[in-house]
Novice: 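Following this message is one structure expressed as structure tokens.
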Number of protein chains: 2
Amino acid sequence: MLVEPPISAGESLQIANLEIRPTELQVLADGRRAGFTVREFELFFLLAKRLDSVVQRPEIYALMWGGDMQRRDRSVDVLVRKVRGKLEVVAPGWRYIHTHFGIGYRFTPEQDQ
Amino acid sequence: MLVEPPISAGESLQIANLEIRPTELQVLADGRRAGFTVREFELFFLLAKRLDSVVQRPEIYALMWGGDMQRRDRSVDVLVRKVRGKLEVVAPGWRYIHTHFGIGYRFTPEQDQ
DNA sequence: CCTCTTCTTAACCGGATTTTCTCCAGATCG
DNA sequence: CGATCTGGAGAAAATCCGGTTAAGAAGAGG
């Protein structure tokens with residue numbers, strides 16, 4: 001019986017129209033490079049690894065910055081906006097990061113209409 | 001492709017046709033997201049944790065808002081109504097929150113007819 | 001030292017959420 | 001039956017949260 005080896009972090013992952021190369025910190029949408037910075041990729045990958053799950057804002061903050069998030073801290077959503085912006089450029093008509101008001105964000109690729 | 005299992009055992013509860021994810025503040029009925037707000041989820045979860053038990057209104061009030069409930073306070077049933085409404089959308093034909101007149105509410109999933 | 005890029009912080013604003021209010025039908029009880 | 005009480009329903013008012021933009025640090029490279 002043939003058993004496929006588990007995906008190692010070094011290989012590229014495919015989610016919807018996205019190719020993710022963790023070792024290169026690169027994301028390609030239909031072959032077009034998103035051009036994420038390091039921090040942007042970290043946020044993107046953190047959410048993408050937990051596909052279809054809502055990740056709470058304070059948890060995102062703790063994982064990305066460490067410590068507790070102040071009530072009115074905008075760090076998370078400013079970064080989310082940049083990731084969204086770059087994804088929009090290379091994958092117009094797609095939506096990936098969904099806001100759950102008062103809770104956090106969920107990564108689920110969806111095509112408009 | 002699935003990168004990681006989104007949910008590990010123990011982070012998700014199943015009651016009737018509902019999947020409850022406490023860490024995400026999410027409830028799914030047959031895979032459809034209820035879309036509760038934070039407060040709505042809190043009320044839902046409070047009742048669901050006490051399946052088949054009647055929870056008295058003053059106790060619900062104390063747990064959700066703290067302190068004693070004024071005689072004519074509508075906070076509890078306004079929230080109950082919103083939770084019922086969102087459950088109705090994703091699970092038509094089901095009834096979950098039952099009113100016990102003069103006492104409180106009981107969470108018991110039931111299918112119509 | 002200068003420029004460019006990236007990351008963080010701050011402020012404003014619109015909209016979503018939560019709370020509060022009012023009206024009303026149905027239940028309870030004498 | 002009549003009076004009173006409870007919860008359903010809708011919506012206004014108040015509060016909270018996230019999107020957006022821009023400016024201020026921090027760092028790299030020339």
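Below, read A as the first sequence line, B as the second, and so on, with proteins coming before strands; counting in each chain starts at 1.
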Novice: Less than 4.0 Å between a side-chain N and a carboxylate O, is that true for A/R57 and A/D77?
Specialist: yes
Novice: Can you list every pair that meets salt bridge (Lys or Arg N to Asp or Glu O under 4.0 Å) and has a residue in residues 82-94 of chain A, with sequence neighbours left out?
Specialist: A/E40-A/K86
Novice: Between CG of B/D30 and CH2 of B/W94, what distance do you get to the nearest 0.5 Å?
Specialist: 7.5 Å
Novice: From the 5' end of DNA chain D to its 3' end, which nucleotides mark the outer limits of contact with chain A, defined by a 4.0 Å heavy-atom distance cut-off (strictly under)?
Specialist: D/dC17 to D/dT21
Novice: Counting only heavy atoms not in A/Q70 (residues, nucleotides, ligands), do more than 12 fall under 6.0 Å from its CD?
Specialist: no
Novice: Within the structure provided, determine whether A/V76 and A/M64 are in side-chain contact (heavy-atom separation under 4.5 Å).
Specialist: no
Novice: Who passes side chain to side chain donor-acceptor pair (under 3.5 Å) against A/E42, sequence neighbours left out?
Specialist: A/R39
Novice: Are any of the side-chain heavy atoms of B/Y105 and B/V54 separated by less than 4.5 Å?
Specialist: no
Novice: For A/V78 and A/K86, take the nucleotide of DNA chain C holding the closest heavy atom to each; which residue's nucleotide lies nearer the 5' end?
Specialist: A/K86
Novice: Please find the earliest and latest nucleotides of DNA chain C, in the 5' to 3' direction, that have an atom within less than 4.0 Å of any heavy atom of chain A.
Specialist: C/dT6 to C/dT17
Novice: Partners of A/R33 by side chain to side chain donor-acceptor pair (under 3.5 Å), sequence neighbours excluded?
Specialist: A/Q26
Novice: Give the residues of residues 90-103 of chain A touching DNA chain D, defined as any heavy atom closer than 4.0 Å, sorted by residue number.
Specialist: A/T99, A/F101, A/G102, A/I103
Novice: In residues 36-57 of chain B, which residues come under 4.0 Å of DNA chain C by heavy atom?
Specialist: B/T37, B/V38, B/R39
Novice: Please name the pair of heavy atoms, one in A/V55 and one in A/I60, separated by the smallest distance, quoted to 0.1 Å.
Specialist: CG1-CG1, 3.5 Å
Novice: Determine which pairs satisfy salt bridge (Lys or Arg N to Asp or Glu O under 4.0 Å) with at least one residue from residues 58-70 of chain A, sequence neighbours left out, and list them in order.
Specialist: A/R50-A/E59
Novice: Sequence neighbours left out, what pairs pass salt bridge (Lys or Arg N to Asp or Glu O under 4.0 Å) with at least one residue falling in residues 100-113 of chain A?
Specialist: A/R95-A/E110
Novice: For residues 18-39 of chain A, pull every pair meeting ring pair (Phe, Tyr, Trp, His ring centres under 6.0 Å), keeping only residues two or more places apart or in separate chains.
Specialist: A/F36-A/F44
Novice: So, taking the atom named CG in B/L51 and the one named OG1 in B/T108, what distance separates them when rounded to the nearest 0.5 Å?
Specialist: 6.0 Å
Novice: State yes or no: do B/I15 and B/V90 share one hydrophobic cluster built from I, L, V, M, F, W and Y residues joined by side-chain heavy-atom distances below 4.5 Å, directly or via other members?
Specialist: no
Novice: Return the angle between end axes of the helix from C/dC1-D/dG30 to C/dG30-D/dC1, with five pairs used per end and rounding to 10°.
Specialist: 30°
Novice: Does any pair with a residue in residues 64-84 of chain A pass ring pair (Phe, Tyr, Trp, His ring centres under 6.0 Å), and if so which ones, sequence neighbours excluded?
Specialist: A/Y61-A/W65
